[in-house]
Amino acid sequence: MPSKEYEGKNEKDLISEAAREIGISESKLTIEVIEKSKGGFLGLGEKVRIRVTYDLDDLETEQESCALETYEKVTVDFLAGMFDSMGFDVDIEVDNNGTDRVYIELFSPDSAMIIGKRGKTLESIQMLVNTVGARVPGSANYKCVIDIENYREKRESTLTELAQRVAQEVIRSGKPKTLEPMNPFERRLIHVALQNEKSVETRSEGEGVHRKVRILPKKGL
């Protein structure tokens, strides 16, 4: 395990300094006093030298936890400030479930405006928050998922039903059908909903915001 030595006049101060410098809790440090002298009158000349040992796994875990806490604070503060400037009354709850996905649940009487047509406003807000969160040091693997009034689950159910219905139309007619433009989250839902369907296949076509899912009869059938 790595170790560092610190020298000064007060053992407690040295331990605090070590914890700050290394970036780990004092409780995770192993302290060995190498040298300690009382000094003269009123403690003048007192000298303490300690060796601090720590576990790299503990250090990594604490740094990740710290980065996640910072990420949550930055994203929530940004959202709160944005909604405040827009004049929306919004309550915000956060849960990361111990993962790199930060789930933010919104509660607001202005939910319809926040969701927007087919969820486009909500998706834009999520993209913006993820862009802001990406600037937090150590947050490269973190992603923010924003929901309101269980919209995403409801949308998932709606799109799954749409995919199955259109797939049956394609099977009956033998002709492909193209759905409306969708964001990546929604396109993935369509692909997943039909991934085990033996009679049709799905493809994403187009660029950017105009990208759509096309459902086609499976070749060879």
Side-chain angles (χ1 to χ4, degrees), residues 1-85 88-108 114 122-123 125-153 184-185:
M1 292 192 295
S3 63
K4 291 186 176 184
E5 293 186 6
Y6 294 84
E7 185 177 307
K9 296 181 178 181
N10 183 283
E11 181 180 343
K12 185 177 180 181
D13 290 343
L14 290 178
I15 295 173
S16 297
E17 178 187 346
R20 285 195 304 271
E21 182 181 298
I22 296 170
I24 194 170
S25 300
E26 293 184 21
S27 61
K28 298 294 178 65
L29 297 174
T30 300
I31 310 299
E32 177 187 358
V33 178
I34 301 173
E35 179 183 351
K36 188 170 186 178
S37 59
K38 289 293 186 179
F41 181 65
L42 296 178
L44 297 176
E46 181 178 355
K47 179 180 179 182
V48 180
R49 187 155 62 97
I50 63 173
R51 180 180 292 116
V52 175
T53 306
Y54 56 95
D55 191 304
L56 287 175
D57 288 339
D58 288 339
L59 176 60
E60 183 178 354
T61 299
E62 291 224 358
Q63 288 179 339
E64 288 179 355
S65 176
C66 182
L68 181 57
E69 289 177 5
T70 303
Y71 181 89
E72 289 181 3
K73 185 177 188 310
V74 168
T75 52
V76 170
D77 285 352
F78 174 79
L79 269 175
M82 181 184 70
F83 287 132
D84 185 59
S85 65
F88 288 169
D89 179 15
V90 181
D91 290 326
I92 303 174
E93 290 188 4
V94 184
D95 183 14
N96 62 52
N97 290 327
T99 70
D100 56 4
R101 288 292 184 270
V102 175
Y103 296 92
I104 298 180
E105 184 75 23
L106 307 178
F107 303 88
S108 173
I114 293 172
L122 182 64
E123 192 66 25
I125 292 172
Q126 179 172 289
M127 290 178 61
L128 182 58
V129 171
N130 273 306
T131 300
V132 172
R135 300 173 184 169
V136 177
S139 67
N141 295 324
Y142 299 146
K143 290 296 180 183
C144 186
V145 179
I146 301 177
D147 200 3
I148 184 169
E149 291 190 355
N150 211 24
Y151 171 79
R152 292 189 180 279
E153 184 175 334
F185 168 77

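Values in this document were obtained by computation on a predicted structure and should not be read as measured data.
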Out of curiosity, [X] [atom1] to [Y] [atom2], how far, rounded to the nearest 0.5 Å?
X: I114; Y: L106; atom1: CD1; atom2: CG; answer: 6.0 Å
X: T30; Y: I50; atom1: OG1; atom2: CD1; answer: 11.5 Å
X: I148; Y: I104; atom1: CD1; atom2: CD1; answer: 12.0 Å
X: S27; Y: I15; atom1: OG; atom2: CD1; answer: 11.5 Å

Problem - Residue pairs passing the ring pair (Phe, Tyr, Trp, His ring centres under 6.0 Å) test where at least one lies in residues 61-80, sequence neighbours excluded - result: Y71-Y142
Sequence neighbours excluded and cut-off under 3.5 Å, please list the side-chain donor-acceptor pairs for residues 16-26, or say none.
| from | atom 1 | to | atom 2 | distance (Å) |
| --- | --- | --- | --- | --- |
| S16 | OG | K12 | O | 3.2 |
| S16 | OG | E26 | OE2 | 3.0 |
| E21 | OE2 | K4 | NZ | 3.3 |
| E21 | OE2 | Y6 | OH | 3.0 |
| S25 | OG | E62 | OE1 | 2.9 |
| S25 | OG | E62 | OE2 | 2.8 |

Exercise for the section: Using atom types as modelled and distance alone, determine if a side-chain donor or acceptor of T53 lies under 3.5 Å from a backbone N or O of S3. Expected result: no
Problem - Short side-chain to backbone donor-acceptor contact, T75 and G133, under 3.5 Å - result: no
Practice task
Using a 4.5 Å cut-off on heavy atoms from C-beta on, say whether the side chain of L122 contacts that of I146.
Solution key: yes
Handout entry: I31 and L14, any side-chain heavy atoms less than 4.5 Å apart
Key = no
For [X], enumerate each residue passing the side chain to side chain donor-acceptor pair (under 3.5 Å) test, keeping only those at least two apart in sequence or located in another chain.
X: K36; result: none
X: D55; result: none
X: E153; result: N150

Salt bridge (charged side-chain N to carboxylate O under 4.0 Å, His left out) partners of [X], counting only residues at least two apart:
X: D84; value: none
X: E72; value: none
X: E5; value: R49, R51

Fill in the blank from the handout: Nearest heavy-atom contact between V52 and L29 is CG1-CD2, 3.5 Å
Problem - Taking every non-hydrogen atom, the tightest pair across C144 and N130 - result: N-OD1, 2.7 Å
Problem - Pairwise salt bridge (Lys or Arg N to Asp or Glu O under 4.0 Å) hits with a residue in residues 126-150, at least two apart - result: none
Handout entry: With V145 via side chain to side chain contact (heavy atoms under 4.5 Å, CB included) - residues at least two apart
Key = R101, Y103, Q126, R152
Practice task
Using the test ring pair (Phe, Tyr, Trp, His ring centres under 6.0 Å), find all partners of Y54 that sit at least two apart in sequence or belong to another chain.
Solution key: none
Exercise for the section: Give the intermediate values and the outcome of side-chain contact (heavy atoms from CB on, under 4.5 Å) for residues V48 and D13. Expected result: CA-CA 10 Å; V48 180; D13 290 343; over 6 Å; no
